[in-house]
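Here's the structure we're looking at; comments come further down.
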Protein chains: 2
Amino acid sequence: MAKPAGKDRTEAGEVRKRLLAAATDLFASKGYAATTVREIVARAGVTKPALYYYFHSKEGIYLHLMREPLRGFLSHIGSVLSGGGTARERLARLCLCAYDDFVMNLPLARVMYSIYYGPPQGAPFVDFDAAQRQFQDSITRVLEEGIRRGEFRGGNASDMMWAVVGAVNVAMELELCRPSQSVGRKGIERMLEILFGGIARRKGEAKGKGKRA
Amino acid sequence: MAKPAGKDRTEAGEVRKRLLAAATDLFASKGYAATTVREIVARAGVTKPALYYYFHSKEGIYLHLMREPLRGFLSHIGSVLSGGGTARERLARLCLCAYDDFVMNLPLARVMYSIYYGPPQGAPFVDFDAAQRQFQDSITRVLEEGIRRGEFRGGNASDMMWAVVGAVNVAMELELCRPSQSVGRKGIERMLEILFGGIARRKGEAKGKGKRA
DNA sequence: GTCTATATTGAGATAGAC
DNA sequence: GTCTATCTCAATATAGAC
């Protein structure tokens with residue numbers, strides 16, 4: 001057989017993935033410092049040398065954990081930026097892309113928040129701000145493009161960017177901390193619609209205009 | 001002298017405040033679990049029994065730390081809600097009030113974020129979500145009022161609320177994590193203006209309309 | 001090598017003098 | 001109200017049996 005799918009035959013990269021998943025869950029629930037290599041390998045159902053073979057150290061597995069999805073995120077952003085469509089469409093795609101990546105990696109997001117906001121845990125440095133900045137720059141660029149093309153009103157693109165980022169962050173943090181109240185992708189789209197159209201009733205506009213709730 | 005101001009004379013409540021400030025700073029920088037009672041009293045320049053006299057325990061000082069400002073925040077919100085003005089004015093006051101409280105208690109905010117997002121640290125439970133919910137409810141109420149009065153367009157008040165909360169959160173988190181990029185109160189006001197007026201250019205509107213950047 | 005029993009440390013908390 | 005001195009306890013480190 002060219003593609004052995006039996007369960008007794010360990011797939012290539014299978015152990016590696018199990019180790020990453022185990023580490024993510026443990027880092028998320030107990031924190032980086034409190035998680036021992038022993039626990040990671042136990043949960044992954046492998047032995048210590050396996051972890052050291054693939055990742056060299058606890059720090060190593062942590063860095064792999066962080067960097068791979070971060071790189072993925074940045075590359076997705078790049079794809080969206082180079083795609084076509086109106087500024088508004090591109091902006092929505094950018095936000096939804098970020099949200100999707102976040103939701104697809106919720107346990108990892110938990111680790112990131114825990115490291116970013118939590119107490120020092122001796123974890124090696126990862127430049128979260130750089131990724132965040134890149135996301136913000138992308139949004140700003142699309143906004144400026146929209147203004148230049150006359151698709152958006154003039155104004156401070158930086159302020160618009162923060163408002164957009166705020167909406168996306170809210171959706172992410174709801175998913176992370178209060179999933180029962182999560183607004184989801186649709187929620188992001190509705191918030192963007194509000195951002196584009198405004199909350200205030202316009203002069204002469206029929207009362208009750210806008211999307212009915 | 002009726003009001004002794006000398007330095008050798010300990011003011012009433014002075015020790016208490018110093019203990020609270022010391023605990024806040026240490027919890028913020030090292031985390032709750034890693035901070036010892038000894039460090040707190042050392043930084044406050046007093047001895048252990050003083051802490052136990054005022055706060056009964058390490059958990060006690062933590063709870064005082066959290067609850068007093070939270071109560072203050074909720075009471076400020078209440079005042080704003082009972083105040084007058086248009087819905088838009090009230091909404092702005094609500095957001096700025098929350099932001100001011102946050103900025104006035106930055107070190108405490110750091111502790112809250114650390115506890116909320118960080119790894120388990122054995123700190124006693126504080127219901128941050130309840131305060132957050134109350135803030136959200138207040139905003140929602142003002143938004144619904146604005147819609148009812150025809151000041152705002154119809155629409156989903158909940159979505160509008162999240163957009164507003166997102167803007168306020170962004171301003172807070174910038175202040176917390178990247179103060180150099182902070183947008184400040186003015187930034188919140190500008191974001192609200194964007195939320196009210198919308199980003200999209202309106203049909204027939206002169207290009208470049210809106211506040212010039 | 002692994003395991004368990006014991007020492008040591010350092011934490012939170014207290015009693016009683018002043 | 002504050003301090004000196006002390007207590008209790010749990011986690012950690014270590015040592016010695018197996």
Side-chain angles (χ1 to χ4, degrees), chain A residues 15 19 22-23 25-59 61-62 114-115 117-124, chain B residues 1-70 107-108 110-112 114-116 118-128:
Chain A
V15 166
L19 279 167
D25 289 346
L26 287 166
F27 291 160
S29 61
K30 312 182 40 170
Y32 176 83
T35 298
T36 68
V37 169
R38 226 183 154 71
E39 290 172 309
I40 299 174
V41 297
R43 172 177 291 225
V46 300
T47 56
K48 240 164 98 170
L51 186 148
Y52 284 97
Y53 170 74
Y54 283 108
F55 303 107
H56 177 65
S57 67
K58 181 177 164 186
E59 294 201 349
I61 196 171
Y62 169 81
S114 167
I115 293 287
Y117 287 115
Q121 298 191 52
Chain B
M1 296 193 180
K3 276 188 172 184
K7 285 206 172 172
D8 52 342
R9 174 84 164 75
T10 300
E11 302 285 337
E14 163 76 4
V15 167
R16 195 186 128 91
K17 278 179 203 157
R18 283 220 307 276
L19 279 167
L20 284 172
T24 306
D25 289 347
L26 286 166
F27 290 159
S29 61
K30 311 182 41 170
Y32 176 82
T35 298
T36 70
V37 169
R38 284 174 169 80
E39 290 172 308
I40 298 174
V41 298
R43 173 177 290 223
V46 298
T47 56
K48 263 202 285 188
L51 186 150
Y52 285 95
Y53 172 76
Y54 283 108
F55 302 108
H56 177 64
S57 68
K58 182 181 170 183
E59 295 201 347
I61 195 171
Y62 169 81
L63 287 174
H64 275 85
L65 214 60
M66 293 293 171
R67 287 179 178 161
E68 287 172 11
L70 274 183
L108 181 67
R110 249 177 261 285
V111 180
M112 291 179 171
S114 167
I115 293 288
Y116 192 81
Q121 298 192 51
F125 178 74
V126 172
D127 196 352
F128 299 113

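Since this is a predicted model, take the numbers as computed values, not measurements. Chain letters run A, B, ... following the sequence lines, proteins first and then strands; every chain starts at 1.
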Could you tell me how far apart [X] ([atom1]) and [N] ([atom2]) are, to the nearest whole angstrom?
| X | N | atom1 | atom2 | answer |
| --- | --- | --- | --- | --- |
| B:Leu51 | C:dT14 | CG | C1' | 13 Å |
| B:Ile40 | C:dA11 | CD1 | C1' | 12 Å |
| B:Tyr62 | C:dG12 | OH | C1' | 18 Å |
| B:Glu39 | C:dG10 | CD | C1' | 12 Å |
| B:Tyr54 | C:dA13 | OH | C1' | 18 Å |
| B:His56 | C:dG12 | NE2 | C1' | 11 Å |
| B:Leu26 | C:dG12 | CG | P | 12 Å |

_B:Thr24 (side chain) donor-acceptor with B:Leu20 (main chain) under 3.5 angstrom_ =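 Yes, because the side chain of B:Thr24 sits within donor-acceptor range (under 3.5 Å) of the backbone of B:Leu20.
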Please determine whether side-chain contact (heavy atoms from CB on, under 4.5 Å) holds for the pair B:Ile40 and B:Phe27, giving the CA-CA distance in whole Å, both sets of side-chain angles, and the decisive distance to 0.1 Å. CA-CA 9 Å; B:Ile40 298 174; B:Phe27 290 159; 4.1 Å; yes
Under-3.5 Å N/O pairs linking protein and nucleotides 4-10 of chain D:
none

B:Val15 side chain, from C-beta outward: closest of D:dT2, C:dG12, D:dC3: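 Of all the options, the side chain of B:Val15 is nearest to D:dT2.
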Selected nucleotide, minimal atom distance to B:Ser57 side chain, candidates C:dG12, C:dA13, D:dT2: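 Nearest listed nucleotide: C:dA13.
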| query | Which residue pairs pass the side-chain hydrogen bond (donor to acceptor under 3.5 Å, both in side chains) test with at least one member in residues 27-37 of chain A, sequence neighbours excluded? | reply |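 Checked against side-chain hydrogen bond (donor to acceptor under 3.5 Å, both in side chains) - neighbours excluded - the pairs reaching residues 27-37 of chain A are A:Lys30-A:Glu39, A:Thr36-A:Glu39.
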Under 4.0 angstrom between B:Tyr52 side-chain N/O and C:dT14 OP1 or OP2: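 Checking B:Tyr52 against C:dT14: no side-chain N or O falls below 4.0 Å of OP1 or OP2.
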_Measuring to OP1 and OP2 of D:dT2, would you say a side-chain N or O of B:Tyr53 lies under 4.0 angstrom away?_
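Answer no for this pair, as no side-chain N or O of B:Tyr53 is under 4.0 Å from OP1 or OP2.
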| task | Scan A:Pro119, A:Ser114, A:Pro120 and name whichever one has a side-chain contact (heavy atoms from CB on, under 4.5 Å) with B:Ser114. | result |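 Among A:Pro119, A:Ser114, A:Pro120, the one that satisfies the side-chain contact (heavy atoms from CB on, under 4.5 Å) with B:Ser114 is A:Pro119.
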So B:Ile61 and B:Leu19, side-chain contact (heavy atoms from CB on, under 4.5 Å) or not? Walk me through it.
CA-CA 8 Å; B:Ile61 195 171; B:Leu19 279 167; 4.1 Å; yes
Between CG on residue B:Leu51 and CZ on residue B:Arg18, distance to nearest 0.5 Å:
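Here the interatomic distance stands at 12.5 Å.
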Just verifying a value: how many Å separate B:Arg43 CZ and B:Leu26 CG, rounded to the nearest 0.5 Å?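 Taking CZ in B:Arg43 and CG in B:Leu26, the distance rounds to 4.5 Å.
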